[in-house]
Amino acid sequence: MRLGLALGYWGRGPDAAHVPLAQEAERLGYDSVWTAESWGSDAFTPLTWIAARTSTIKLGTAVAQMAARSPVTTAMHALTLDHLSGGRMMLGLGLSGPQVVEGWYGRPFPASPLTATREYVDVVRQVLRRTAPVSLEGRFHPLPYRGPDGTGLGKPLKPITHPLRARLPVLLGAEGPRNVAQTVRIADGWLPLYWAPDRPEVYGDAVRDLPAGFRVAPMVRVRVCDDVAEGLLPVKAMLGFYIGGMGHASRNFHADLMARMGYPEAALRVQELFLAGRREDAVRAVPDAFADEISLVGPRARIAKRLEAWRRGPVTDLLALSPDPCTLRVLAELNS
């Protein structure tokens with residue numbers, strides 16, 4: 001099982017520790033480092049900054065939001081950074097949800113998310129292959145554009161720049177069983193938001209028979225500490241925000257996933273409290289058991305024992321969410 005460092009996205013401003021953390025992860029033998037975006041910092045610029053200050057560690061977006069860019073724009077970002085980094089780029093994509101797509105990007109959330117994702121990946125692949133001008137008779141991402149408000153002058157184009165790798169890895173963030181099944185068919189890897197090693201059935205049958213070389217790379221909060229309950233607080237804070245705030249009360253993919261993982265009443269309660277403005281209560285309402293099963297928290301011996309369950313399943317890459325260099329070192333030692 002390979003290790004990665006997940007840095008997430010910025011809060012109020014850039015985190016001065018991110019580059020040193022990435023450099024330390026590279027020194028410790030971590031395979032990859034990943035950045036993210038929500039509605040603030042973007043995923044590609046910090047990753048380029050890290051690329052310039054490292055030399056071997058792979059570089060991934062987990063995730064770049066599809067609504068933020070047309071698929072050809074995303075492919076341009078990926079092929080550019082792949083060249084600049086000497087072939088270290090991995091492109092992780094996610095659809096996000098209606099709240100972000102419509103509220104932040106000002107675009108309609110696709111009526112058929114599976115079709116929209118499939119078309120997006122198709123266009124990205126065409127750009128990276130560069131075997132022919134890019135074209136798609138698509139519902140959501142047609143190329144050239146032939147809509148009634150267009151000029152009719154568009155023509156298929158090939159990228160001027162020759163991509164470094166036609167098979168640059170494309171990974172998808174997916175939560176529902178049908179979305180995961182499609183991810184296995186069309187992508188090179190999957191970025192689960194929550195992964196419980198003892199219940200892979202939550203994501204359906206697709207994870208039982210994966211193609212050779214397919215990456216399963218969940219993001220996992222890791223913290224070496226003596227007090228497990230105290231160490232779980234950042235996990236619960238993250239869950240409270242995602243389950244309570246990253247979506248609408250009537251449509252929240254993260255809350256739906258928590259419910260499928262066996263906590264439907266708790267998911268509903270966290271949503272109710274968060275949307276009522278009681279954020280601290282929402283965090284406290286996240287069950288310790290749920291936070292614990294999707295993270296690696298506690299003394300070294302406890303993490304070592306629980307790490308075995310992660311190795312037994314389909315996980316190929318454990319992406320550690322940890323700002324602590326000591327924790328990163330312990331994890332590398334335990335995984336060696």
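Numbering of residues begins at 1 and proceeds along the displayed sequence. Bear in mind that the values here come from a model prediction, so they are computed numbers and not experimental data.
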Residues two or more places apart in sequence or in another chain: which of them pass salt bridge (charged side-chain N to carboxylate O under 4.0 Å, His left out) with [X]?
X: Glu102; value: none
X: Glu293; value: Arg199
X: Arg178; value: none
X: Arg215; value: Asp31, Asp317

Exercise. Compute the ring centroids of Trp39 and Tyr105, then answer whether they are less than 6.0 Å apart.
Key: no
* **Worked check of side-chain hydrogen bond (donor to acceptor under 3.5 Å, both in side chains) between Thr54 and Gln23** => CA-CA 6 Å; Thr54 55; Gln23 292 170 329; over 6 Å; no
Considering residues at least two apart in sequence or located in another chain, which fulfil the side chain to side chain donor-acceptor pair (under 3.5 Å) criterion with [X]?
X: Glu137; result: none
X: Asp205; result: Arg208
X: Arg300; result: Glu333
X: Arg53; result: none

Carboxylate-amine/guanidinium proximity below 4.0 Å for Asp82 and Arg165
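So Asp82 pairs with Arg165 through a salt bridge.
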Under-4.0 Å salt bridge between Glu201 and Arg260:
no
Are any of the side-chain heavy atoms of [X] and [Y] separated by less than 4.5 Å?
X: Leu21; Y: Pro325; result: yes
X: Val127; Y: Met76; result: no
X: Leu193; Y: Ile294; result: no
X: Asp42; Y: Arg69; result: yes
X: Leu95; Y: Pro110; result: yes
X: Val235; Y: Phe290; result: no
X: Ile243; Y: Tyr194; result: yes
X: Ser38; Y: Trp104; result: no

* Got more than 12 heavy atoms from elsewhere within 6.0 Å of CH2, Trp310? ->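 Enclosed: over 12 neighbouring heavy atoms sit under 6.0 Å from CH2 of Trp310.
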- Query: Are there more than 12 heavy atoms of other residues, nucleotides or ligands under 6.0 Å from atom CE of Met261?
  - Reply: yes
Under 3.5 Å donor-acceptor, [X] side chain and [Y] backbone:
X: Trp190; Y: Val180; answer: no
X: Arg329; Y: Ala25; answer: no
X: Glu26; Y: Thr56; answer: yes
X: Arg88; Y: Ser85; answer: yes
X: His18; Y: Pro323; answer: no

Considering non-hydrogen atoms only, spot the tightest contact between [X] and [Y] and give its length.
X: Pro108; Y: Val101; answer: O-CG1, 3.9 Å
X: Pro142; Y: Gly138; answer: CB-O, 3.5 Å
X: Val134; Y: Gln126; answer: CA-OE1, 3.5 Å
X: Ser322; Y: Leu5; answer: O-CD1, 3.9 Å
X: Tyr203; Y: Pro192; answer: OH-CB, 4.3 Å
X: Ile50; Y: Ala22; answer: CG2-CB, 3.7 Å

Nearest 0.5 Å, what's the CG-OH distance between Leu257 and Tyr242?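 Taking CG in Leu257 and OH in Tyr242, the distance rounds to 13.0 Å.
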Next item on the list: Given side chain to side chain contact (heavy atoms under 4.5 Å, CB included), test Val216 with Val207 step by step and report yes or no.
Entry: CA-CA 9 Å; Val216 177; Val207 298; over 6 Å; no
Path from [X] to [Y] over hydrophobic side-chain contacts below 4.5 Å:
X: Val283; Y: Tyr263; result: no
X: Leu93; Y: Leu128; result: yes
X: Phe44; Y: Leu164; result: no
X: Trp10; Y: Phe241; result: no
X: Met66; Y: Tyr145; result: no

(Q) Once side-chain hydrogen bond (donor to acceptor under 3.5 Å, both in side chains) is applied, what residue pairs with a partner in residues 226-237 remain, sequence neighbours excluded? (A)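 Every side-chain hydrogen bond (donor to acceptor under 3.5 Å, both in side chains) pair that includes a residue of residues 226-237, provided the two are not neighbours, is Arg223-Glu230, Lys236-Asp288.
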For residues 150-159, the side-chain hydrogen bond (donor to acceptor under 3.5 Å, both in side chains) pairs (sequence neighbours left out) are none
> Would Arg221 and Asp292 count as a salt bridge (Lys or Arg N to Asp or Glu O under 4.0 Å) if you check the C-alpha gap in whole Å, the side-chain angles of each, and the deciding distance to 0.1 Å?
Replying inline: CA-CA 9 Å; Arg221 287 274 179 179; Asp292 194 32; over 6 Å; no
Could you go through Thr316 and Phe214, starting from their C-alpha distance and side-chain angles, then the distance that decides it, and tell me whether this counts as side chain to side chain contact (heavy atoms under 4.5 Å, CB included)?
CA-CA 8 Å; Thr316 60; Phe214 188 85; over 6 Å; no
Practice task
Quick one: name the residues clustered hydrophobically with Leu321, using the 4.5 Å side-chain heavy-atom rule over I, L, V, M, F, W, Y, and just say none if it's on its own.
Solution key: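 Besides Leu321, the hydrophobic cluster comprises Trp34, Val63, Met90, Leu171, Leu191, Met219, Leu319, listed by chain and residue number.
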Run the side-chain donor-acceptor check on residues 181-188: report pairs under 3.5 Å with partners two or more places apart or on a different chain.
unit_1: Gln182; atom_1: OE1; unit_2: Arg118; atom_2: NH1; d: 2.6
unit_1: Gln182; atom_1: NE2; unit_2: Leu114; atom_2: O; d: 3.0
unit_1: Thr183; atom_1: OG1; unit_2: Asn179; atom_2: O; d: 2.9
unit_1: Asp188; atom_1: OD1; unit_2: Arg167; atom_2: NH2; d: 2.8
unit_1: Asp188; atom_1: OD2; unit_2: Arg125; atom_2: NH1; d: 2.9
unit_1: Asp188; atom_1: OD2; unit_2: Arg125; atom_2: NH2; d: 3.3
unit_1: Asp188; atom_1: OD2; unit_2: Val170; atom_2: N; d: 2.8

Tell me, with the steps shown, if Thr45 and Thr48 meet side-chain hydrogen bond (donor to acceptor under 3.5 Å, both in side chains). CA-CA 5 Å; Thr45 309; Thr48 304; over 6 Å; no
- request: Dump the intermediate steps for side chain to side chain contact (heavy atoms under 4.5 Å, CB included) on Arg2 and Asn335, then the final yes or no.
  value: CA-CA 8 Å; Arg2 295 176 292 255; Asn335 195 56; over 6 Å; no
Assess the residue pair Val222 and Val297 against the criterion (side chain to side chain contact (heavy atoms under 4.5 Å, CB included)); give the C-alpha distance rounded to whole Å, side-chain angles, the decisive distance to 0.1 Å, and a yes or no. CA-CA 6 Å; Val222 185; Val297 172; over 6 Å; no
